[in-house]
Amino acid sequence: MFRAQISALLFGVGGFGALIAATVSNEWKVTTRASSVITATWVYQGLWMNCAGNALGSFHCRPHFTIFKVEGYIQACRGLMIAAVSLGFFGSIIALFGMKCTKVGGSEKAKAKIACFAGVVFILSGLCSMTGCSLYANKITTEFFDPLFIDQKYELGAALFIGWSGASLCIIGGVLFCFSIYDNNKTPRMGYTYNGATSAMSSRTKYHGGEGNIKNTNPSKQFDKNAYV
């Protein structure tokens with residue numbers, strides 16, 4: 001139980017960190033223009049800015065100044081990744097209240113519900129990131145294999161693979177949190193026997209038995225006293 005929740009938290013927090021790295025990265029799609037090693041030029045594009053560098057070491061980035069000229073799929077990926085990062089953050093905070101090794105969150109039943117909710121939040125975070133990265137990758141591959149597309153063609157960047165990895169970690173962590181509740185419900189409860197009625201009956205019998213002894217002894221004593229009258 002404890003190991004499952006700790007593993008789930010590590011997966012979720014690790015996935016959350018990977019989602020942040022993928023969101024701020026500029027290597028969502030890359031291309032290389034190389035006639036020789038010396039004159040090679042690399043072009044990177046991300047969700048927030050475009051960058052270019054060459055073999056001589058110069059590197060320059062230009063941000064997207066306005067959102068109205070940004071293509072629709074980039075804006076959709078921005079929203080999905082921001083949602084994924086936000087859900088991952090809240091899932092990490094909620095998971096701390098639902099773990100059995102912490103002293104906050106209330107009773108065990110309340111902690112189980114909180115842990116399940118944290119697992120659902122992690123799963124939603126992973127799905128948002130998976131959708132955003134897949135949408136961006138689909139656009140790149142469609143343009144790359146389209147023979148009628150005459151503009152610059154790009155390839156998949158490292159940020160996409162980081163985003164997919166982070167999404168997988170978040171989903172795994174969420175599933176582990178949900179299964180930890182199943183383990184909690186499966187653990188047997190201790191049974192207790194109620195001995196109140198038997199103890200009361202035994203006390204009554206003892207009391208009546210004591211009265212019987214008193215009744216049996218008192219007449220004999222009175223008879224002994226009145227025997228000489």
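All of these numbers come straight from a predicted model, not from anything done at the bench.
- Side-chain N or O atoms of Lys29 include none that pairs as donor or acceptor with a backbone N or O of Gly157 at under 3.5 Å.
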Take Leu127 and Ile171 through the side-chain contact (heavy atoms from CB on, under 4.5 Å) test and state the conclusion after the steps.
-> CA-CA 8 Å; Leu127 291 177; Ile171 292 174; 4.2 Å; yes
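- For the salt bridge (Lys or Arg N to Asp or Glu O under 4.0 Å) condition, no pair includes a residue of residues 43-65, sequence neighbours left out.
- Taking CD1 from Ile94 and SG from Cys116, the interatomic distance works out to 11.5 Å, rounded to the nearest 0.5 Å.
- Hydrophobic cluster membership for Leu169: Phe11, Ile172, Leu176 (Ile, Leu, Val, Met, Phe, Trp, Tyr linked by side-chain heavy atoms under 4.5 Å, directly or transitively).
- The two residues Met49 and Pro63 come nearest to each other via the heavy atoms CB-CA, 3.4 Å.
- For the residue pair Gly98 and Ala115, the shortest heavy atom distance occurs at O-CB, 3.7 Å.
- Annotation for Ala18 and Gly166: closest pair CB-CA, 3.6 Å, computed over non-hydrogen atoms.
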In residues 74-84, what donor-acceptor pairs under 3.5 Å come from side-chain atoms, sequence neighbours left out?
unit_1, atom_1, unit_2, atom_2, d
Gln75, NE2, Ile67, O, 2.3
Gln75, NE2, Val70, O, 3.3
Arg78, NE, Leu47, O, 2.7
Arg78, NH2, Leu47, O, 2.7

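- Cluster membership check: Val120 shares its hydrophobic cluster with Ile93, using side-chain heavy-atom separations under 4.5 Å among Ile, Leu, Val, Met, Phe, Trp and Tyr.
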Please assess Tyr44 against Asn50 for the test side-chain contact (heavy atoms from CB on, under 4.5 Å), listing each intermediate value before the final yes or no.
-> CA-CA 6 Å; Tyr44 306 95; Asn50 302 330; over 6 Å; no
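- For the residue pair Ala137 and Leu160, the shortest heavy atom distance occurs at CB-CD1, 4.1 Å.
- Pairing each heavy atom of Cys133 with each of Gly163, the nearest pair is SG-CA, 3.7 Å.
- Residues that satisfy the salt bridge (Lys or Arg N to Asp or Glu O under 4.0 Å) test with Glu155, not counting sequence neighbours, are absent from this structure.
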Evaluation steps, side-chain contact (heavy atoms from CB on, under 4.5 Å), between Val175 and Ile123 | CA-CA 7 Å; Val175 171; Ile123 292 174; 4.1 Å; yes
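- Screening residues 13-26 for side-chain hydrogen bond (donor to acceptor under 3.5 Å, both in side chains) gives no qualifying pairs among residues at least two apart or on separate chains.
- Judged as a side-chain hydrogen bond (donor to acceptor under 3.5 Å, both in side chains), not a single pair has a partner in residues 137-150 (not counting sequence neighbours).
- The distance from atom CG of Leu9 to atom CZ of Phe177, rounded to the nearest 0.5 Å, is 5.0 Å.
- Residues passing the side-chain contact (heavy atoms from CB on, under 4.5 Å) test with Ser134 are Met130, Trp164, sequence neighbours excluded.
- A donor-acceptor pair under 3.5 Å links the side-chain atoms of Thr31 to the main chain of Lys153, judged by distance alone.
- Residues satisfying the side-chain contact (heavy atoms from CB on, under 4.5 Å) criterion with Pro147, sequence neighbours excluded, are absent altogether.
- Leu96 and Ile6 end up in the same hydrophobic cluster when Ile, Leu, Val, Met, Phe, Trp and Tyr side chains are linked at under 4.5 Å.
- Separation of atoms CD1 (Ile20) and CD1 (Ile162) is listed at 12.5 Å; rounding is to 0.5 Å.
- Here ring-ring contact (aromatic ring centres under 6.0 Å, His included) pairs that include residues 106-145, with residues two or more places apart or in two chains, are Trp28-Tyr136, Tyr73-Tyr136.
- Qualifying disulfide bond (SG atoms under 2.5 Å apart) partners for Cys51, counting only residues two or more places apart in sequence or in other chains: Cys61.
- In terms of the side-chain hydrogen bond (donor to acceptor under 3.5 Å, both in side chains) criterion, Glu27 has no residue partners (sequence neighbours excluded).
- Side chains of Met99 and Lys111 form no contact here, defined as non-hydrogen atoms less than 4.5 Å apart.
- Counting only residues at least two apart or on different chains, no side-chain hydrogen bond (donor to acceptor under 3.5 Å, both in side chains) pair has a member in residues 115-133.
- Side-chain atoms of Val85 and Phe16, non-hydrogen and from C-beta on, do get closer than 4.5 Å to each other.
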